[in-house]
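Letters A, B, ... are given to chains in the order of the sequence lines, protein chains preceding strands, and every chain is numbered from 1.
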Amino acid sequence: MSEQEDKPQQDINQIIEKRRAKLAALRLAGNAFPNDFRRNDLASDLHKKYDEQSNDILEANPIIVRVAGRMMLKRIMGKASFATIQDMSGHIQLYVTNDITGESTYATFKHYDLGDILGAQGTLFITRTGELSVRVTSLRLLTKSLRPLPEKFHGLTDREQKYRQRYLDLIANEDTRKVFVARSKIIQSIRDFFVTRGYLEVETPMMHPIPGGAAARPFATHHNALDMDLYLRIAPELYLKRLVVGGMEKVFEINRSFRNEGISIRHNPEFTMLEFYEAYQDHTYLMDLTETMLREIAVKILGTTKISYQGHEIDLAYPFLRLSINKAIQKFQPEYTDVQLNDRTFLINKLRSLNIIHKPEEGIGGLQLYLFSETTEHLLIDPIFIIDYPTDVSPLARRNDNNPEITDRFELYIAGREIANGFSELNDPEDQAVRFLEQAHAKEAGDTEATHYDADYIRALEHGLPPTAGEGIGIDRLVMLLTDSPSIRDVILFPQLRQEN
RNA sequence: GGGUCGUUAGCUCAGCUGGUAGAGCAGCGGACUUUUAAUCCGUUGGUCGGGAGUUCGAUCCUCCCACGGCCUACCA
């Protein structure tokens, strides 16, 4: 690769130009991108071990360390300088001097730029102001940075740039790093939670010939060799239940699903979902399990069951309320009476006054659900399970034994948002076939989110799905909740944005 | 998709009623051997998101476009 080739077409900023000249000089002097420096020490480990150590002891028994990282701050003071480097664990200060580090190394160091990746060896000491530092004996530039860092005090605040150039956001903003470390820990603790309980983690296809398992518009793609249309999955549900048919009685999957719908503060086209299924259990078991899991994760991540989300103080420690849609509306909107909420005409008029469009043949339960979504959902700050969802809007859920109009289903709301959706699975293949047909008719009638008839799934159910409970949890939203992030984009490393330019 | 607010130096931001742009950080030069957003002195850097219009004159007013934030709709 020649240097001419990788020059950008646009005007080169003079800072970049200057740095390119430095890189050119490095190339002439030898290997500009060496990979023979081995780090022995992480910043945070050194702080943990030696922050409390007295300087006398450190000076008496010199501890030789090798650290590496990106230079974030540089303070040149004549013949001695301080530099702060940042590695994956944190920061450590280097003390670079004319006499100890050597005149030529020191002179070279003075021309290093903020953002350069350095490797240093030296001994630990504690400065007059009490900061553990490395008295550098040897110092090398491992990677030249050609572009200037964001401003050192304010960091990077431009939201577009944070999302597009996440690497810069991660370099400059510790808060961002913390969020994504927390995300990783949350997912790990979910994994631990299920594996500990005897669940098997599986991966099912993300490319589906028939999209199913949710009401949503899919992304479409095409396989050339098979000459076959495929859809990015909108949910893993139907495959996971096939696995339960196959004898994997406790399974879970944590991975991406895709929905071709609007983008907002709560929606990214690809999002991470946990789904888990357990045979010989029902939805009430799932609610108990969910409470236990959320408490456990919160304690692991935050050290407490108390979470603070966008000004709301929420404690997961108490048993979560469980209310039907109807009861929840009455509790949070006392102006509505039980009689009104069961009066079809009242509901239709109310929805019309709220400008809510619904299917003309919608049943009482469906109308209540519309009213609930509009008036009550956002008020559900403390954790609450909403139960007894209408069968019409739950094509994969088991009918309630006493009332076939509702299903054994719940959704969990926290901070006004749906966090989880679970139910006792519909394992009657003939009922499922009828429900699929209803969906197929709705699709023909123009409902773009209605699901397809999945004949293989019916065939699987005909082999016998044991009575099973299954649940899905939106991981991104859970991470938002636990990291106090206002937007889903703050918890997804590279959220979907419009094309640049 | 609809509404609304925004886009000024590499970054963080000022910029009055329309008179062609400033600061801090970063950079460059200088002083400084325990600083930590180091400090002090000097200094480079701009197609004011793009295009069109109004005007003697536009960063500023109008329109169109691009991108982004927020609200809203569908959804998890």
Q: With both distances under 3.5 angstrom, what nucleotide forms a Watson-Crick or G-U wobble pair with B:rC16?
A: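 Its partner is none (no Watson-Crick or G-U wobble pair with both distances under 3.5 Å).
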Q: From the list B:rC67, B:rA37, B:rG29, which nucleotide is the closest neighbour of the side chain of A:Glu160?
A: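 From the listed options, B:rC67 comes nearest.
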Q: Both distances below 3.5 Å, Watson-Crick or wobble geometry, any strand: find the nucleotide opposite B:rG6.
A: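 With both distances under 3.5 Å, B:rG6 matches B:rC67.
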Q: Need one value for A:Asn268: base, sugar-phosphate or nothing, where a base atom within 4.0 Å counts as base even if backbone is also close, heavy atoms only.
A: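 Since a base atom lies under 4.0 Å of A:Asn268, the category is base.
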Q: Any idea which of B:rA26, B:rU35, B:rC67 is nearest the A:Arg498 side chain?
A: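 For A:Arg498, the side-chain atoms sit closest to B:rC67.
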Q: Within this structure, what is the CD1-to-C1' distance between A:Ile100 and B:rU34, rounded to whole angstrom?
A: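 About 11 Å, once rounded to whole Å.
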Q: Indicate whether OP1 or OP2 belonging to B:rU33 is found under 4.0 Å from a side-chain N or O atom of A:Arg135.
A: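 No, A:Arg135 has no side-chain N/O under 4.0 Å of OP1/OP2 on B:rU33.
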Q: Check every strand shown and say whether A:Phe125 touches a base, only sugar-phosphate, or nothing at a heavy-atom separation below 4.0 Å.
A: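 A:Phe125: base contact, heavy atoms under 4.0 Å.
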Q: Please pick, from B:rG69, B:rA26, B:rU35, the nucleotide with the shortest atom-to-atom distance to any side-chain atom of A:Tyr163.
A: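 Ranking B:rG69, B:rA26, B:rU35 by closest atom to the A:Tyr163 side chain puts B:rG69 first.
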Q: Indicate, with a heavy-atom threshold strictly under 4.0 Å, whether A:Met273 touches base, sugar-phosphate, or nothing.
A: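 Here A:Met273 touches no strand at all.
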Q: What's A:Gly472 touching, base or sugar-phosphate or nothing? Going by heavy atoms closer than 4.0 Å.
A: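 The answer is nothing, as A:Gly472 stays clear of every strand by at least 4.0 Å.
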Q: I want to verify a distance call: between B:rU33, B:rA73, B:rU35, whose nearest atom is closest to the A:Glu374 side chain?
A: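 The closest nucleotide is B:rA73.
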Q: Parallel, tilted or perpendicular: which describes the rings of A:His208 and A:Tyr239, with under 30° parallel and over 60° perpendicular?
A: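 Answer is tilted, since the angle falls between 30° and 60°.
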Q: Rounded to the nearest angstrom, tell me the gap between atom CZ in A:Arg164 and atom P in B:rU7.
A: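 In whole Å, B:rU7 P and A:Arg164 CZ are 17 Å from each other.
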Q: Tell me: NZ of A:Lys162 to P of B:rC70, nearest whole Å?
A: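 One finds 12 Å between P of B:rC70 and NZ of A:Lys162, rounded.
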Q: Regarding A:Lys18, tell me which of base, sugar-phosphate or nothing describes its non-hydrogen contacts under 4.0 Å with the strands shown.
A: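 Result for A:Lys18 = sugar-phosphate.
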Q: Do A:Thr157 side-chain and B:rU12 base share a donor-acceptor contact under 3.5 Å?
A: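 Result: no qualifying N/O pair found.
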Q: Set out, in order, the CA-CA distance, both residues' side-chain angles and the distance that settles salt bridge (Lys or Arg N to Asp or Glu O under 4.0 Å) for A:Asp113 and A:Lys144, then state yes or no.
A: CA-CA 8 Å; A:Asp113 295 299; A:Lys144 184 71 199 164; 2.6 Å; yes
Q: For A:Arg183, is there an ion pair with A:Asp476 - N to carboxylate O distance below 4.0 angstrom?
A: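 Counted as a salt bridge, because a side-chain N and a carboxylate O are separated by less than 4.0 Å.
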Q: C1' atom, B:rA37 versus B:rC13: distance in rounded Å?
A: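 16 Å, rounded to whole Å.
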Q: Do the charged groups of A:Glu275 and A:Lys241 touch, with an N to O distance under 4.0 Å?
A: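 No, this pair does not count.
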Q: Would you mind telling me which of B:rC74, B:rU35, B:rG69 lies closest to the side-chain atoms of A:Phe82?
A: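 The answer is B:rU35, which lies nearest to the side chain.
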Q: Taking atom P of B:rU44 as reference, at what distance in whole Å does atom CD of A:Glu17 sit?
A: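 Answer to the nearest Å: 17 Å.
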Q: So, under a plain 3.5 Å distance rule, would you say the side chain of A:Arg128 forms a donor-acceptor pair with the base of B:rU34?
A: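 Answer is no: no donor-acceptor pair is held.
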Q: Distance between the C1' atoms of B:rG57 and B:rC65, in whole angstroms?
A: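 Pairwise C1' distance, B:rG57 against B:rC65, rounds to 25 Å.
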Q: Charged N to carboxylate O under 4.0 angstrom, A:Arg242 versus A:Asp454?
A: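 Between A:Asp454 and A:Arg242 there is a salt bridge, with a charged N closer than 4.0 Å to a carboxylate O.
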Q: Categorize A:Ile419 for me: base, sugar-phosphate, or nothing, with a 4.0 angstrom heavy-atom threshold over every strand shown.
A: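 The answer is nothing, as A:Ile419 stays clear of every strand by at least 4.0 Å.
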Q: Check every atom of B:rU33, B:rC11, B:rC32 against the side chain of A:Ile76 and return the nucleotide holding the closest atom.
A: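 For A:Ile76, the side-chain atoms sit closest to B:rC32.
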Q: Given that A:Glu270 and A:Pro486 both sit by RNA chain B, which one's nearest nucleotide is further toward the 5' end?
A: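 It is A:Pro486, whose closest nucleotide lies nearer the 5' terminus.
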Q: Using atom CD of A:Glu103 as one end and atom P of B:rU33 as the other, report the distance to the nearest whole Å.
A: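 One finds 13 Å between P of B:rU33 and CD of A:Glu103, rounded.
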Q: Distance check, P atoms only: B:rA21 and B:rG49, in whole angstrom units.
A: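 14 Å, rounded to whole Å.
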Q: At under 4.0 Å between heavy atoms, what does A:Arg75 touch on the DNA or RNA strands: base, sugar-phosphate, or nothing?
A: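 Base, at least one base atom sits under 4.0 Å.
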Q: Mind checking A:Gly78 for me? I need base, sugar-phosphate or nothing, with any heavy atom below 4.0 Å counting as a touch.
A: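 The residue A:Gly78 makes base contact.
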Q: We want to know whether A:Tyr163 and A:Asp490 form a side-chain donor-acceptor pair, criterion being a heavy-atom distance below 3.5 angstrom.
A: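 Short answer, yes.
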Q: Does B:rG53 have a Watson-Crick or wobble partner in any strand here, with both distances under 3.5 angstrom, and which is it?
A: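 B:rC61 is the nucleotide pairing with B:rG53.
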Q: Taking syn as a glycosidic torsion within 90° of 0 and anything else as anti, which one is B:rU20?
A: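 B:rU20: syn.
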Q: P atom, B:rU39 versus B:rC48: distance in rounded Å?
A: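 The answer is 32 Å between these two P atoms.
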Q: In this structure, how many angstroms lie between the P atom of B:rC32 and the NZ atom of A:Lys74, rounded?
A: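 These atoms are roughly 17 Å apart.
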Q: Cation over ring, A:Lys350 on A:Tyr370, under 6.0 Å and within 45°?
A: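 Verdict for A:Tyr370: no cation-pi partner in A:Lys350.
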Q: Would you say the base of B:rU35 and the side-chain of A:Glu131 have a donor-acceptor pair closer than 3.5 Å?
A: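 No, the side chain and the base share no sub-3.5 Å donor-acceptor pair.
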Q: Should B:rG45 form a Watson-Crick or G-U wobble pair with both distances under 3.5 Å, which nucleotide is its partner?
A: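 Check on B:rG45: unpaired, no WC or wobble geometry under 3.5 Å.
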Q: Using a 4.0 Å heavy-atom cut-off across all strands, classify A:Glu151 as base, sugar-phosphate, or nothing.
A: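 Here A:Glu151 touches the bases of the nucleic acid.
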Q: Between B:rU12, B:rA73, B:rU33, which nucleotide gets closest to the side-chain atoms of A:Leu156?
A: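 Of the options given, the side chain of A:Leu156 lies nearest B:rU12.
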Q: Identify which nucleotide among B:rC70, B:rG10, B:rU35 has an atom closest to any side-chain atom of A:Ser487, counting heavy atoms from C-beta outward.
A: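 Nearest listed nucleotide: B:rC70.
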Q: Base, sugar-phosphate, or nothing: which does A:Asp99 touch, judged by heavy atoms less than 4.0 Å apart?
A: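 Base, at least one base atom sits under 4.0 Å.
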Q: In whole angstroms, how far is the P atom of B:rG30 from the CE atom of A:Met77?
A: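 So the CE-P distance, A:Met77 to B:rG30, works out to 18 Å.
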Q: Looking at A:Phe193, A:Phe194, A:Phe276, which one forms a ring pair (Phe, Tyr, Trp, His ring centres under 6.0 Å) with A:Phe252?
A: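 Output: one option passes, namely A:Phe194.
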Q: Looking at every strand, decide which applies to A:Glu418 at a 4.0 Å heavy-atom threshold: base, sugar-phosphate, or nothing.
A: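 If one applies the 4.0 Å heavy-atom cut-off, A:Glu418 turns out to touch the sugar-phosphate alone, with no base involved.
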Q: Among B:rU33, B:rC28, B:rU12, find the nucleotide with the atom closest to the side chain of A:Asp113.
A: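 Closest nucleotide to the A:Asp113 side chain: B:rC28.
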Q: Assign the ring pair A:Phe82 / A:Tyr95 to parallel, tilted or perpendicular, where the plane angle (0 to 90°) is split at 30° and 60°.
A: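 Because their plane-to-plane angle lies in the 30° to 60° range, the rings of A:Phe82 and A:Tyr95 count as tilted.
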Q: Over all strands shown, is A:Ile265 touching base, sugar-phosphate only, or nothing at heavy-atom distances under 4.0 angstrom?
A: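 Touches sugar-phosphate only.
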Q: In whole angstrom, give me the gap between the C1' atoms of B:rG69 and B:rA31.
A: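 The same atom, C1', in both gives a distance of 45 Å.
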Q: Does the distance from a Lys or Arg side-chain N to an Asp or Glu carboxylate O, for A:Glu59 and A:Arg135, drop under 4.0 Å?
A: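 Yes, A:Glu59 and A:Arg135 are salt-bridged.
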Q: What's the CD1-P distance between A:Ile15 and B:rC25, to the nearest Å?
A: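 Between P of B:rC25 and CD1 of A:Ile15: 13 Å.
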Q: With a 3.5 Å limit on both atom pairs, tell me what B:rG1 is paired to, counting Watson-Crick and G-U wobble, or say none.
A: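 With both distances under 3.5 Å, B:rG1 matches B:rU72.
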Q: Could you tell me how far B:rG22 sits from B:rU33 if I compare only their P atoms? Round to whole Å.
A: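 These two P atoms come out 36 Å apart once rounded.
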Q: Taking only the C1' atom of each, what is the distance from B:rG19 to B:rC25 in whole angstrom?
A: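 Approximately 31 Å lies between the C1' atom of B:rG19 and that of B:rC25.
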Q: Of the candidate nucleotides B:rG68, B:rA26, B:rU33, which contains the atom at the shortest distance from the side chain of A:Lys152?
A: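 Nearest to the side chain of A:Lys152 among the choices is B:rA26.
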Q: Which is true for A:Lys22 with a 4.0 Å heavy-atom rule: it touches a base, it touches only sugar-phosphate, or it touches nothing?
A: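 Since only primed, P, OP1 and OP2 atoms lie under 4.0 Å of A:Lys22, the category is sugar-phosphate.
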Q: So does A:Gln161 get a side-chain nitrogen or oxygen closer than 4.0 Å to the phosphate oxygens (OP1/OP2) of B:rC11?
A: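 A:Gln161 to B:rC11 OP1/OP2: side-chain N or O found under 4.0 Å.
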Q: Base, sugar-phosphate or nothing for A:Arg259? Non-hydrogen atoms, less than 4.0 Å.
A: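 Contact class for A:Arg259: base.
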